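Every chain is numbered from 1, with letters handed out A, B, ... down the list of sequences. Model, not experiment: these values are computed from the prediction.
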Number of protein chains: 2
Amino acid sequence: MTGQPRESDGHVGTVFPQVAHFAEPLHLACASVLGPYQLVYETYGKLNVRKDNAILICHALSGTHHVAGHYAEDPRAVGWWDNMVGPGKPVDTQRFFVIGVNNLGGCHGSTGPSSIDPATEAPYGASFPFLTVEDWVHAQARLADLLGITSFAAVMGGSLGGMQALQWTLSYPGRVRHALVIAAAPSLSAQNIGFNEVARQAITSDPHFHGGDFYRAGVIPERGLRLARMLGHITYLSDDAMMAKFGRELLGGTPHYSLEVEFEIESYLRYQGKKFSERFDANTYLIMTKALDYFDPARAHGGNLSLALAGVQAHFLLVSFTSDWRFSPARSREIVQALLDNRVPVSYAEIASNQGHDAFLMENGDYFAVVRAYLERVARECHA
Amino acid sequence: MTGQPRESDGHVGTVFPQVAHFAEPLHLACASVLGPYQLVYETYGKLNVRKDNAILICHALSGTHHVAGHYAEDPRAVGWWDNMVGPGKPVDTQRFFVIGVNNLGGCHGSTGPSSIDPATEAPYGASFPFLTVEDWVHAQARLADLLGITSFAAVMGGSLGGMQALQWTLSYPGRVRHALVIAAAPSLSAQNIGFNEVARQAITSDPHFHGGDFYRAGVIPERGLRLARMLGHITYLSDDAMMAKFGRELLGGTPHYSLEVEFEIESYLRYQGKKFSERFDANTYLIMTKALDYFDPARAHGGNLSLALAGVQAHFLLVSFTSDWRFSPARSREIVQALLDNRVPVSYAEIASNQGHDAFLMENGDYFAVVRAYLERVARECHA
């Protein structure tokens with residue numbers, strides 16, 4: 001078992017995003033109705049004749065539809081899960097038809113707060129509705145309809161993406177045969193919500209936020225976005241990984257006694273924050289964190305996750321990482337236990353890693369071997 | 001062994017702050033010279049004739065000199081370690097003369113950035129120098145001189161206060177007989193520094209910060225302070241303690257789909273942030289976090305903590321708390337090991353607690369019994 005690329009491993013090559021338009025409005029959990037709207041997506045591999053070899057990949061907080069490959073006009077813009085998805089890779093595009101989709105409310109092409117509201121011909125801004133994981137799944141189901149996919153071989157994702165995979169098995173139990181739920185949780189803890197709340201307060205208290213309608217003011221709440229992202233990055237890494245990666249050596253060996261960058265971690269966080277603030281929409285960030293906070297399938301069942309998962313028909317692979325303190329292995333085990341309570345076939349792998357929550361994005365021999373082996377079984381169930 | 005108050009336990013009663021003026025400037029680690037300056041402090045109990053029963057209590061990031069008792073004019077203003085310090089309490093004021101002092105750079109009476117610089121007759125603001133734990137210890141040593149204390153029975157503190165206790169044994173090995181280092185670390189990890197950096201960026205990016213000279217603008221960077229404190233609070237508590245205290249129930253039972261408070265943790269953090277921003281100085285916060293980042297006795301010894309502690313003469317009690325993820329037990333054990341390497345007498349207690357870092361401030365039977373027992377031995381070494 002090794003994480004080294006196999007000889008047959010390759011990249012999906014040049015890819016291009018597609019846009020699906022939906023004229024019929026979507027009824028949302030918040031009781032608002034959104035539409036018309038569009039979803040931007042990419043596909044890799046070929047849908048077979050029976051259309052039963054499709055895998056939907058759901059993205060996390062800051063992810064996009066660009067899962068694998070690169071763009072002709074920008075060869076460096078490699079997909080965020082390119083190590084996982086491609087010919088001969090764990091999600092083998094020689095066998096599966098893989099779909100990446102930017103979630104509704106996003107800022108990478110799907111209709112979101114920065115999109116033009118046809119009713120006002122101005123950006124939605126603060127008027128864009130808050131969304132839930134359920135809403136995303138419904139929107140994704142319509143995309144599946146459009147592509148003629150009645151049943152997914154698998155829906156998979158990490159973190160918030162894993163929550164969507166889980167929700168698929170609840171919202172559309174007959175349309176997903178396998179769910180790969182990676183580095184996820186059945187709900188956020190109070191600590192998770194607390195971190196999200198600090199990020200939101202950073203954004204909304206930025207004078208450039210303008211109550212969410214900053215577009216027409218011609219500014220962005222970049223200070224708030226920077227802070228939100230810096231904080232996020234700390235929670236994506238383990239204490240050990242940060243220490244190994246950045247240490248605590250002072251630039252120049254001695255204190256500067258100033259507010260300038262002195263430690264490498266400061267430099268890293270400032271850089272990541274700045275980069276993020278230039279590419280991400282503040283309202284999308286708020287929507288994403290709120291969707292995370294709201295996700296809680298057990299809520300409607302008195303907090304009983306086993307009851308919540310009673311109608312599940314899919315089979316599951318759960319993966320967690322030992323040093324992930326954002327969504328710890330214990331949270332994945334809650335899902336595993338609830339599935340076992342319902343006699344749902346579930347495989348569970350707790351992967352030794354010191355990379356923290358970010359481990360789900362990184363190449364790791366054991367992790368990739370588990371996903372590969374699971375999906376090889378799934379592939380054998382599909383038609384040629 | 002019990003954490004219940006004993007019959008003899010009592011409060012120190014009404015206390016009052018005193019001010020010590022120092023005309024001679026202090027030479028700081030940053031090569032600046034500060035002075036004249038003042039330190040505000042409180043004392044409880046009586047200094048014995050031999051002046052060998054004094055205990056210095058060092059405060060943490062947001063602490064003050066008001067360790068125990070209450071003020072006549074405000075009976076609700078109880079000291080931050082009142083459960084620990086008093087007649088019959090673990091730090092027994094019937095036996096010890098206890099001193100609490102507000103650190104230099106503070107905002108509760110000791111000379112700090114919000115104080116008037118005699119040279120300009122305006123607040124120091126951005127011109128106030130950055131300080132180190134070593135600087136604080138030197139300033140405290142001068143206060144000890146003033147009080148005629150040549151040797152402390154003990155210096156103690158939690159978190160950043162524990163670092164000061166440790167530094168005392170290095171800067172003045174002959175002047176401290178025991179160090180009680182609680183919930184501390186020999187240095188911050190990259191993660192710790194990262195959290196501090198986010199807090200600093202929150203403050204300095206607040207348009208009301210004015211580069212540190214907000215006093216003359218008549219504003220305070222309260223948004224930044226609020227965010228810094230909210231973030232701090234999350235790291236002071238354990239995930240479990242937050243879940244037990246706040247849960248994840250929605251106010252009203254269902255999502256509001258808005259940015260208003262929906263979860264109890266949001267309400268708590270907003271309240272704590274607001275309260276803090278009204279009482280704490282932004283520049284002091286920056287100074288305190290920088291002092292934390294800089295603290296690293298091993299730095300001058302090639303990262304070898306055992307070498308750094310070679311000159312220590314004091315005896316030690318180290319205490320850590322199992323759920324403290326800010327300064328984990330492993331960090332305390334690093335200090336214990338380095339002391340053992342030097343054959344320094346050290347007692348170590350790892351207290352089972354789910355309260356996280358904040359546990360050092362809370363009454364806990366095992367914790368208080370350990371401190372009590374240790375200080376009973378210390379008391380027997382003092383003269384009557």
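Ionic pairing of A/R248 and A/E264 is not present here: no N-O contact between side-chain nitrogen and carboxylate oxygen is shorter than 4.0 angstrom. Between A/R299 and B/E249, no side-chain nitrogen of the basic residue sits less than 4.0 Å from a carboxylate oxygen of the acidic one, so the salt-bridge criterion is not met. Using a 4.0 Å cut-off between charged side-chain N and carboxylate O, A/R226 and A/E222 make a salt bridge.
The contact between B/P255 and chain A is made by backbone and side chain atoms together, counting heavy-atom distances below 4.5 Å. Both the backbone and the side chain of A/D293 come within less than 4.5 Å of a heavy atom in chain B. Heavy atoms closer than 4.5 Å to chain A are found nowhere in B/Y268, neither backbone nor side chain. In this structure, chain B has no heavy atom under 4.5 Å from any part of A/S328. Proximity to chain A is limited to the side chain of B/E262, based on heavy atoms less than 4.5 angstrom apart. Only the side chain of B/T204 comes within less than 4.5 Å of a heavy atom of chain A; its backbone N, CA, C and O stay farther away. Contact of A/L259 with chain B is made through backbone and side chain together, with heavy-atom distances under 4.5 Å. At a 4.5 Å heavy-atom cutoff, A/L131 makes no contact with chain B through either its backbone or its side chain. The part of A/L269 that comes within reach of chain B is its side chain, from C-beta onward, which places non-hydrogen atoms under 4.5 angstrom from that chain. Residue contact with chain A, scored on non-hydrogen atoms closer than 4.5 Å, involves the side chain of B/F263 exclusively. With a 4.5 Å cut-off on non-hydrogen atoms, A/A29 touches chain B through its backbone and its side chain both.
Heavy atoms only, all atoms of each residue included: B/L188 and B/M163 are closest at CD2-CE, 3.8 Å.
Per-residue heavy-atom pair counts under 4.5 Å with chain A were compared for B/S187, B/A244, B/G212, B/G247, and the maximum is reached by B/S187. Chosen from A/A241, A/G194, A/S32, A/G253, the residue pairing most often with chain B at heavy-atom distances under 4.5 Å is A/G194. The candidate with the highest count of non-hydrogen atom pairs below 4.5 Å against chain B, out of A/L227, A/N192, A/T132, is A/L227. When each of A/D296, A/L237, A/L286, A/D206 is scored by its heavy-atom pairs under 4.5 Å with chain B, the top score falls to A/D296. In terms of heavy-atom pairs under 4.5 Å with chain B, the best-connected choice from A/S258, A/S238, A/A126, A/A31 is A/S258. If you tally non-hydrogen atom pairs under 4.5 Å between each of A/M242, A/R270, A/K245, A/M243 and chain B, the highest count goes to A/R270. Residue with the most contacts toward chain A among B/E266, B/M230, B/R200: B/E266 (heavy-atom pairs, distance under 4.5 Å).
In summary, the aromatic rings of A/F276 and A/Y285 are positioned with their centroids under 6.0 Å apart. Between B/F321 and B/H357, the distance from one ring center to the other does not fall under 6.0 angstrom.
No hydrogens or angles considered: nothing links the side chains of B/D324 and B/Y236 as a donor-acceptor pair under 3.5 Å. Donor-acceptor pairing under 3.5 Å is lacking for the side chains of A/S205 and A/Q201. Using modelled atom types and a 3.5 Å distance limit, the side chains of A/R331 and A/S189 yield no donor-acceptor pair.
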Exercise. For the pair B/R229 and B/F280, evaluate side-chain contact (heavy atoms from CB on, under 4.5 Å) and give the outcome as yes or no after the intermediate values.
Key: CA-CA 10 Å; B/R229 185 59 164 184; B/F280 210 81; over 6 Å; no

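Taking the six-membered ring where tryptophan is involved, the planes of A/Y124 and A/F128 are perpendicular, since the angle between them exceeds 60° and thus also 30°.
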